[in-house]
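Only one structure is covered here, and it is reproduced in the block below.
All values reported here derive from a predicted model rather than from experimental measurement.
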Amino acid sequence: MAADATLLPVTEATISFLARDGAEIFFYAPLICILVAIGLFAPHRGMPWFGKIEGILAGLTQNKTRAVASVGLISLTIVVILTAVSGVPVPKVDDEFSYLLAADTFAHGRLTNPTHPMWRHFETFHTIQQPTYASRYPPGQGLILALGQTLAHPIIGVWLSTALACAAICWMLMG
């Protein structure tokens, strides 16, 4: 009986999540089905557009440096547009709060924070309270987020790391 009681909040949370996000899925589902049907049964309809796009992209790949930079800029543009459309994500998981703690610590020019006098009352997951208050994770993600925080907002660091990762993958695949 105790197992059923513990599953109830998870089920309610899942149902409320699906009900909230399900409306968006059902709104776009007919449009997606129409586009897939056109792509399957009338592929010649998109040939003029895809031909132009292919010509532009073929011109960018003539120079490796230009190709890598273009992939980085295109991916940066995509993530900025996606964030503008869906909004800046709010941290929900303990790991994300720990990364933001590391970013805030590094952005203020510190490696760790001093321990709070009443640290036992503020214990959380994925943070170290003794001997100093810090994130338990390696500093890489925190440094990227700190870069974004010094520019304006930690999401900028995520945008830059995504663009750099896409550019690095492009550079690697050109080898």
Legend entry - Spacing of CG belonging to Leu82 relative to OG1 belonging to Thr77, to within rounding of 0.5 Å: 11.0 Å

Inset, instruction - Answer yes or no: is there a side-chain heavy-atom contact under 4.5 Å between Pro89 and Ile155? - result: yes

Legend entry - Minimum-distance pair of heavy atoms, taken over all atoms of Leu100 and Pro91: CD1-CG, 3.6 Å

Inset, instruction - Consider only side-chain heavy atoms of I, L, V, M, F, W and Y, link residues closer than 4.5 Å, and tell whether Val68 and Val79 are in one cluster. - result: no

Legend entry - Shared hydrophobic cluster for Leu76 and Trp171 (ILVMFWY, side-chain gaps under 4.5 Å): no

Legend entry - Cluster check Val71, Leu160: I/L/V/M/F/W/Y, side chain < 4.5 angstrom: no

Inset, instruction - Please name the pair of heavy atoms, one in Ala67 and one in Met174, separated by the smallest distance, quoted to 0.1 Å. - result: CB-CE, 3.9 Å

Legend entry - Reported CD1-to-CG distance for the pair Ile169 and Leu164, which is rounded to 0.5 angstrom: 11.0 Å

Inset, instruction - Give, for atom CG of Asn63 and atom OG of Ser70, the distance between the pair rounded to the nearest 0.5 Å. - result: 9.0 Å

Inset, instruction - Can you see which heavy atom on Ala107 is nearest to which on Ala146, and at what distance? - result: N-CB, 3.8 Å

Legend entry - Side chain proximity check, His116 to Tyr133, heavy atoms < 4.5 angstrom: no

Legend entry - Non-hydrogen side-chain atoms of Leu101 and Asn113 separated by less than 4.5 Å: yes

Legend entry - Residue Leu111 excluded, over 12 heavy atoms near CG under 6.0 Å: no

Legend entry - Common cluster, Phe106/Ile156, ILVMFWY with side-chain heavy-atom separation under 4.5 Å: no

Legend entry - Nearest heavy atoms of Ala163 and Ser75, plus distance in Å: CA-OG, 3.3 Å

Inset, instruction - Could you state whether Tyr137 and Ile144 fall into the same hydrophobic cluster, counting links through intermediate Ile, Leu, Val, Met, Phe, Trp or Tyr residues with side-chain heavy atoms under 4.5 angstrom apart? - result: no

Inset, instruction - Check whether any side-chain N or O of Ser98 sits under 3.5 Å from a backbone N or O of Asp94 as a donor-acceptor pair, and report yes or no. - result: no

Legend entry - Straight-line distance of Cys166 SG to Leu73 CG, nearest 0.5 Å: 11.5 Å

Inset, instruction - Would you name the heavy atoms of Ala102 and Gly142 that are closest together and state the gap between them? - result: CB-CA, 4.0 Å

Inset, instruction - Give a yes or no answer on whether the side chain of Thr115 reaches the backbone of Gln129 with a donor-acceptor pair at less than 3.5 Å. - result: yes

Inset, instruction - Measure from the side-chain N and O atoms of His108 to the backbone N and O of Arg110, and report whether any donor-acceptor pair falls under 3.5 Å. - result: no

